[in-house]
Amino acid sequence: MRDVFSEVWQTAQRNKLRTTLTGFAVAWGIFMLIVLLGAGNGLINANMKQNEDMLSSYITVYGGTTSKPYQGLKEGRRVRLQTSDIAITESEFKDHVDIVGAEYETSAVISNGDEYINTSVSGVYPMHTKIMKREMLYGRFINEIDQKEKRKVLVLSNKQARELEPKDYSSLVGKNVKVGNMSFKVVGIYKDHEEGQSEAYSAYSTIKSIFGANTSDAGSIEYTFHGLTTEKANEDFEKDYRRRINANHQAHPEDERAIWIWNAYTQKLMMEQGIGIIRTALWIVGLLTLLSGIVGVSNIMLITVKERTHEFGIRKAIGAKPWSILKLIITESVIITTFFGYVGMVLGVAANEYMDATIGHETIDTGLFKATMFLDPTVGLDVCFEATMVMVIAGTIAGLIPAYKASRIRPIEALRAD
């Protein structure tokens with residue numbers, strides 16, 4: 001076997017350009033597959049991380065603008081959700097609806113001594129933290145007593161708290177800060193998501209009673225649900241819900257713009273379908289790239305056999321067995337494919353690590369919120385090794401056909417070859 005390796009090395013030395021081109025085709029195929037899968041995983045991981053921060057089985061409803069005339073009323077009317085809509089949601093859709101809440105948002109200046117921030121303050125129900133999955137760093141979130149007694153309490157993000165108390169923002173818990181001209185007690189500090197917009201929270205009843213110009217105005221409605229496990233079931237539920245809420249505002253039953261329904265579950269289904277398409281597309285492109293490397297190896301091996309036909313004839317003339325020639329060509333194919341395949345794998349892994357170090361975890365500002373576009377754009381080592389082994393096996397098979405032909409050639413024919 002040592003002699004075979006020595007002979008392969010000498011052959012590679014004599015045909016440097018051919019060996020280099022073969023190796024490049026193999027390495028490039030592996031490299032591109034790993035980089036493509038890594039980039040795709042970066043996009044997929046970022047989207048999945050954003051969705052992990054929210055409950056998947058919840059719906060948020062916003063008021064909209066009518067787009068169809070109905071019962072003598074023209075289109076273009078502004079629809080504001082009312083407290084009666086909350087009652088309808090709780091009483092008429094209890095077969096699927098679990099917990100109903102609402103959110104009333106306003107802008108305010110929050111100050112602590114000389115430090116202040118201009119931010120949004122949202123009045124929410126205690127169930128809001130189950131939907132948004134807020135991680136509390138200090139203190140607590142809004143509770144039922146706050147809601148019932150209309151307490152002037154405040155929950156800040158760690159970023160907001162750090163601006164209001166740069167030295168030790170955790171010390172804000174239990175202290176009073178000013179929201180506008182009114183004093184609110186800070187009861188908790190939550191961990192802000194890097195891609196999210198910071199906002200302060202208070203009890204829904206408190207914010208609505210202080211800042212609500214209309215006592216019947218509900219803001220937006222949010223609720224969790226169960227039993228809607230298919231896309232069709234969700235669509236049917238949304239149609240029934242829209243029809244009922246539209247009727248409460250004298251809007252056309254099928255007017256989809258009168259109210260806006262954000263269904264986290266259907267968004268999750270769409271995202272999963274999109275991720276499936278991306279994964280399939282990446283694998284198709286990657287496998288086609290691998291195929292180009294396999295074709296390159298096959299072509300080079302065909303040329304190799306043709307160039308060495310005279311040599312093989314001499315070998316057979318002096319007693320070489322067909323198996324020795326077959327073994328020589330296959331060994332050469334395996335060695336070249338394996339070596340350059342692992343070179344491509346190492347370069348691909350290095351490129352993914354570079355992407356992770358540079359653009360991984362970076363956020364972009366969309367104007368409404370910050371979003372992470374890339375997160376952990378890497379590929380598991382198992383995929384890297386599997387892709388390399390596929391190239392090695394395919395390269396071996398590609399070299400097997402010309403090797404078999406070379407081992408079967410008659411010495412007299414080989415010696416006559418140019």
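Each residue takes its place number in the sequence, starting with 1. Owing to the predicted nature of the structure, the values given are computational and were not obtained by experimental measurement.
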(Q) If the condition is salt bridge (Lys or Arg N to Asp or Glu O under 4.0 Å), which residues does Glu105 pass it with, not counting sequence neighbours? (A) none
Q. Name the one of Val187, Asn112, Leu172, Val121 that satisfies side chain to side chain contact (heavy atoms under 4.5 Å, CB included) with Leu156?
A. Leu172
Q | Exercise: identify the closest heavy-atom pair between Lys185 and Gly174 | A | CE-O, 3.7 Å
**Q.** Test side-chain hydrogen bond (donor to acceptor under 3.5 Å, both in side chains) applied to Asp236 - qualifying residues, sequence neighbours left out
**A.** Lys232
Q.
Let me confirm one number: the CG-CD distance from Asp192 to Glu135, rounded to the nearest 0.5 Å.
A. 11.5 Å
Q) Taking the side chain as C-beta and beyond, is there a heavy-atom pair between Met132 and Glu199 under 4.5 Å? A) no
Q | Minimum-distance pair of heavy atoms, taken over all atoms of Gly38 and Met355 | A | C-CE, 4.4 Å
Q.
Taking CZ in Arg151 as the centre, count heavy atoms belonging to other residues, nucleotides or ligands within less than 6.0 Å. Is the count above 12?
A. yes
Q) Could you give all pairs that pass the side-chain hydrogen bond (donor to acceptor under 3.5 Å, both in side chains) test and reach residues 166-175, with sequence neighbours left out? A) Asp168-Ser170
**Q.** Listed partners of Met127 passing side-chain contact (heavy atoms from CB on, under 4.5 Å), at least two apart
**A.** Ile99, Tyr125, Ile131, Glu222, Thr224
(Q) Any heavy-atom pair between the side chains of Lys152 and Ile210 that's under 4.5 Å? (A) yes
Q: Apply side chain to side chain contact (heavy atoms under 4.5 Å, CB included) to the pair Val186 and Glu165, showing each step before the final yes or no.
A: CA-CA 12 Å; Val186 179; Glu165 187 58 68; over 6 Å; no
Q.
Measuring from atom CE of Met270 to atom CG of Asn263, what distance do you get when rounded to the nearest 0.5 angstrom?
A. 11.0 Å
Q | Test item: His128 and Ile142 side chains (from C-beta on) under 4.5 Å apart, heavy atoms | A | no
Q: Mind listing the closest non-hydrogen atom pair of Tyr116 and Ser111 along with its distance?
A: CB-CB, 3.8 Å
Q: Output yes when a side-chain donor or acceptor of Asp356 lies under 3.5 Å from a complementary backbone atom of Asn352, and no otherwise.
A: no
Q | Test ring pair (Phe, Tyr, Trp, His ring centres under 6.0 Å) applied to Tyr70 - qualifying residues, sequence neighbours left out | A | His252
Q | CD (Glu254) with more than 12 external heavy atoms under 6.0 Å | A | no
**Q.** Donor-acceptor under 3.5 Å (Thr65 side chain, Arg78 main chain)
**A.** no
Q: Answer whether the closest heavy-atom distance between the side chains of Val61 and Tyr223 falls below 4.5 Å.
A: yes
(Q) For the backbone of Lys68 and the side chain of Asp255, can you confirm whether one donor and one acceptor N or O come within less than 3.5 Å of each other? (A) yes
Q: Could you tell me whether a side-chain N or O of Thr66 sits under 3.5 Å from a main-chain N or O of Arg77, the two making a donor and an acceptor?
A: yes
Q: Kindly write out the residues that satisfy side-chain hydrogen bond (donor to acceptor under 3.5 Å, both in side chains) with Glu163, not counting sequence neighbours, or none if the list is empty.
A: none
Q: For Ile277, enumerate each residue passing the side-chain contact (heavy atoms from CB on, under 4.5 Å) test, keeping only those at least two apart in sequence or located in another chain.
A: none
(Q) Tell me whether Gln82 contacts the main-chain N or O of Arg80 through its side chain, where contact means a donor paired with an acceptor under 3.5 Å. (A) yes
Q: Determine, using ring centers only, whether Phe225 and Phe93 are less than 6.0 Å apart.
A: no
**Q.** Nearest heavy-atom neighbours spanning Ser202 and Leu154
**A.** CB-CD1, 4.4 Å
(Q) Tell me which pairs pass side-chain hydrogen bond (donor to acceptor under 3.5 Å, both in side chains) where either residue lies in residues 241-250, with sequence neighbours left out. (A) Ser84-Asn248, Asp85-Asn248, Asp85-His249, Thr89-Tyr241, Glu92-Arg244, Asp240-Arg243
Q. In chain order, what residues pass the side-chain hydrogen bond (donor to acceptor under 3.5 Å, both in side chains) check against Thr119, with sequence neighbours excluded?
A. Gln160
Q: State whether the side chain of Ser220 and the backbone N or O of Tyr62 hold a donor-acceptor pair below 3.5 Å, judged by distance alone.
A: no
Q | Shortest non-hydrogen contact between Ala200 and Ile110, atoms and distance | A | CB-CD1, 3.9 Å
Q: Quick one: closest heavy-atom pair of Phe184 and Val153, and the distance?
A: CD2-O, 3.5 Å
Q: Under the ring pair (Phe, Tyr, Trp, His ring centres under 6.0 Å) rule, collect the residues that match up with Phe141, sequence neighbours excluded.
A: Tyr201
Q: Could you pull out all residues at least two apart from Ile86 that satisfy side-chain contact (heavy atoms from CB on, under 4.5 Å)?
A: Glu90, Val100, Ala102, Tyr204, Ala218, Ile221
Q) Are Val97 and Ile59 side-chain neighbours, meaning at least one heavy-atom pair lies under 4.5 Å? A) no
Q.
My understanding is that only residues two or more places apart in sequence, or in another chain, count here; which of them pass side-chain hydrogen bond (donor to acceptor under 3.5 Å, both in side chains) with Arg140?
A. Asp146
Q.
Distance check, rounded to the nearest 0.5 Å: Leu137 atom CG versus Ile189 atom CD1?
A. 7.5 Å
Q.
Checking the side chain of Ser205 only, and the main-chain atoms of Gln147 only, is there a donor and an acceptor separated by less than 3.5 Å?
A. yes
Q. Can you tell if the side chain of Arg279 reaches within under 4.5 Å of the side chain of Asn41, non-hydrogen atoms only?
A. yes
